[in-house]
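Letters A, B, ... are given to chains in the order of the sequence lines, protein chains preceding strands, and every chain is numbered from 1. Just so it is clear, the values below take in all heavy atoms, side chains as well, and ignore hydrogens, waters and symmetry mates.
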Amino acid sequence: MRYGLLVMVLIVLLIIATVLSVGMGPLQLSPMQSIAILLKQLGVPLNTAYTDQQEVVVTAIRLPRVIFGIFIGATLAMCGTAIQGLFRNPLADPALIGISSGAALFTVVVIVVGLQIFQSLFTILGTYMLSIAAFAGAFFTTILIYRISQAGGKTIVSTMLLAGIAISAMAAAGTGIMTLIANDAQLRTITFWNLGSLGGASWVNVAVLAPLCLICMIGLPSMSKALNALVLGETNASHLGINVEALKSKVIILTALGIGACVSMSGIIGFVGLVTPHIVRKMIGPEHKQVFVASGLLGAVLLVIADLVCRTVVAPIEIPIGIATALIGAPFFLYLLLKERKNQIVF
Amino acid sequence: MISVKNIWYKSNDTHLLRDISFSIDAGDVLAVLGSNGAGKSTLLKCLSKELTPEKGDVLFKKTLLGRWHNQELARNRAVLSQHYQVTLPFSVEQIVMMGRYPHFKNHPLPKDYDIVKESLAFAGISHLQHRNYLTLSGGEQQRTQIARVLSQLWEEDNNEKLLILDEPVSALDIQYQHHIMQLVGRLSERNFAVIAVLHDLNLALQYCNKALLLKKGEQVAFGDTGVIDRALIKKVYDVDSDLVYHAASNKNYIIITE
């Protein structure tokens, strides 16, 4: 499929998903009403009737949640693309190799320990604190996994995946210890973090999330050429004039920033970073610039739709979105493993 | 164009290179010869700025190699490695375009596409242009990589270029071994100097004009390929041989008699 066509299709899908998502829920809106309310926010009034209550529900509750989904889905997918490029392996995923767990552990520690010191974290500063903690967790985990899994200039995939298991287990143990000393309110927050949810969406949180995600979304595609060259191996990339050490640092910092921001806002939402770039590469090939853009769009579409399904399918109960992405993503991962084993390319 | 002055290289207290010195100019095709462990690959890494010699200097175009900026160096010399671990399904064209990366910032120019086309044609793989690299045979992959390093240096200017090849033909069938070496020979007419590690002495005699023979990190001989004789072969490879004259090519060839 042509890249330009795919991008057009994905933009249309994203608009449709947005309109559906702000319209559906306990209070139903027709698509025309949703469009009218959305366009009014952009300063374009339409002649469609809707109630004030409907407008408030859309602008105060559903729209920030959709924007949350767009930013988090796009960032997770683009970070997945970057991590796969860095590890030179299509099986790397921020959640799978423990980066998200590391971020979650640091976040939980701040929630439990930090709340006792600072009284309240529910301010903009507090929210940024969580993001910084998650960034630090993601950053250290990425460096650790990268160091462990590299030998002689290439990635030992089995080591990478096994190290991810070990780090996830350690992070789970750390989180478990935190639950022992947490109070009831903190416990609910921790559970929410571990399962992943877009329920924390608000305009305040969007204001914190958006700049961090934007840095990541603008920064990563600028490294496309270098990531392409890295597929030849580190030495061969440096023979092409690429500063490989600088590239690695930049990718690790930007993905840690993106993953950290997402995890601190929504908890661990796994497999988006694995599945999305893979689908995109199947359609338009592995050129990183194109994969970054298309993955970002597809990740946003997938997460907005997944969130819509999660909060409407057994309403009023809301399924944590991390469960939904794992339900779809885990079998997909097994399929990838089987396929790679047949090709014998990766292991 | 490149001159090596008394370089030494040590790893884990073992000297992998001892006092190597030689120099070549544009138009030269240098064969680096020697048995396994002679230090051929280590020497190539010192020449490509991957390793820094412990002692001695490598001058490329009269400037110390260490002083070259990576990107500028990449426009003037290309390196073909022995192994490539490509794991993503890039097309042949995309791999060859990577050779143009040092020349454009974000998007390839029409000139870059033209050069990729010419490099593909030069390496005889135009028909593979849109194929997935991962599905190619070993020989086809090797020719793709050769087209990539060609495209890296393929400029219509008078700049001298250096091409470093680590065992360029080891993985190839005989007809492609000769095909690639003929390409290399044609490059020497275009202001290129070529340094190639070779295992086949006869390929060296047929296509190279200079030879550097190494044994256990030491330089046994450097000079025109004519210097290669029975005594030298005995010294470097520890085998007996005869030199046979081939009138049509006016060259000597080697038959191992041991």
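- Heavy-atom distances place the side chain of His288(A), and not its backbone, under 4.5 Å from chain B.
- Chain A forms the most heavy-atom pairs under 4.5 Å with one residue out of Arg100(B), Lys45(B), Arg148(B), Arg75(B), and that residue is Arg148(B).
- Neither the backbone nor the side chain of His69(B) comes within less than 4.5 Å of any heavy atom of chain A.
- Taking the centre and axis of the six-membered ring of Trp154(B), the NZ or CZ atom of Arg190(B) falls inside the cone set by 45° and 6.0 Å.
- A side-chain donor-acceptor contact under 3.5 Å links Lys49(B) and Asn70(B).
- Checked against the 6.0 Å centroid criterion, the rings of Phe87(A) and Tyr146(A) qualify as a close aromatic pair.
- Proximity to chain A (any heavy atom under 4.5 Å) is shown, for Tyr133(B), by neither the backbone nor the side chain.
- Most heavy-atom pairs under 4.5 Å with chain B: of the set His239(A), Gln84(A), Arg281(A), this distinction falls to His239(A).
- Contact of Gln145(B) with chain A is made through the side chain alone, with heavy-atom distances under 4.5 Å.
- In terms of heavy-atom pairs under 4.5 Å with chain B, the best-connected choice from Asn243(A), Ile242(A), Val231(A), Leu230(A) is Val231(A).
- Of the N and O atoms on the side chains of Asn228(A) and Glu287(A), at least one donor lies less than 3.5 Å from an acceptor on the other residue.
- Remark: Lys111(B) fails to qualify as a cation-pi partner of Phe104(B) under the 6.0 Å distance and 45° angle criteria applied to the six-membered ring.
- There is no contact between Leu73(B) and chain A, counting heavy-atom distances below 4.5 Å.
- The residue among Gln94(B), Arg77(B), Gln71(B) with the most heavy atom pairs within less than 4.5 Å of chain A is Arg77(B).
- With no hydrogens or angles considered, a side-chain donor-acceptor pair links Asn236(A) and Ser81(B) at under 3.5 Å.
- Other residues, nucleotides and ligands contribute over 12 non-hydrogen atoms within 6.0 Å of the CZ atom of Phe122(B).
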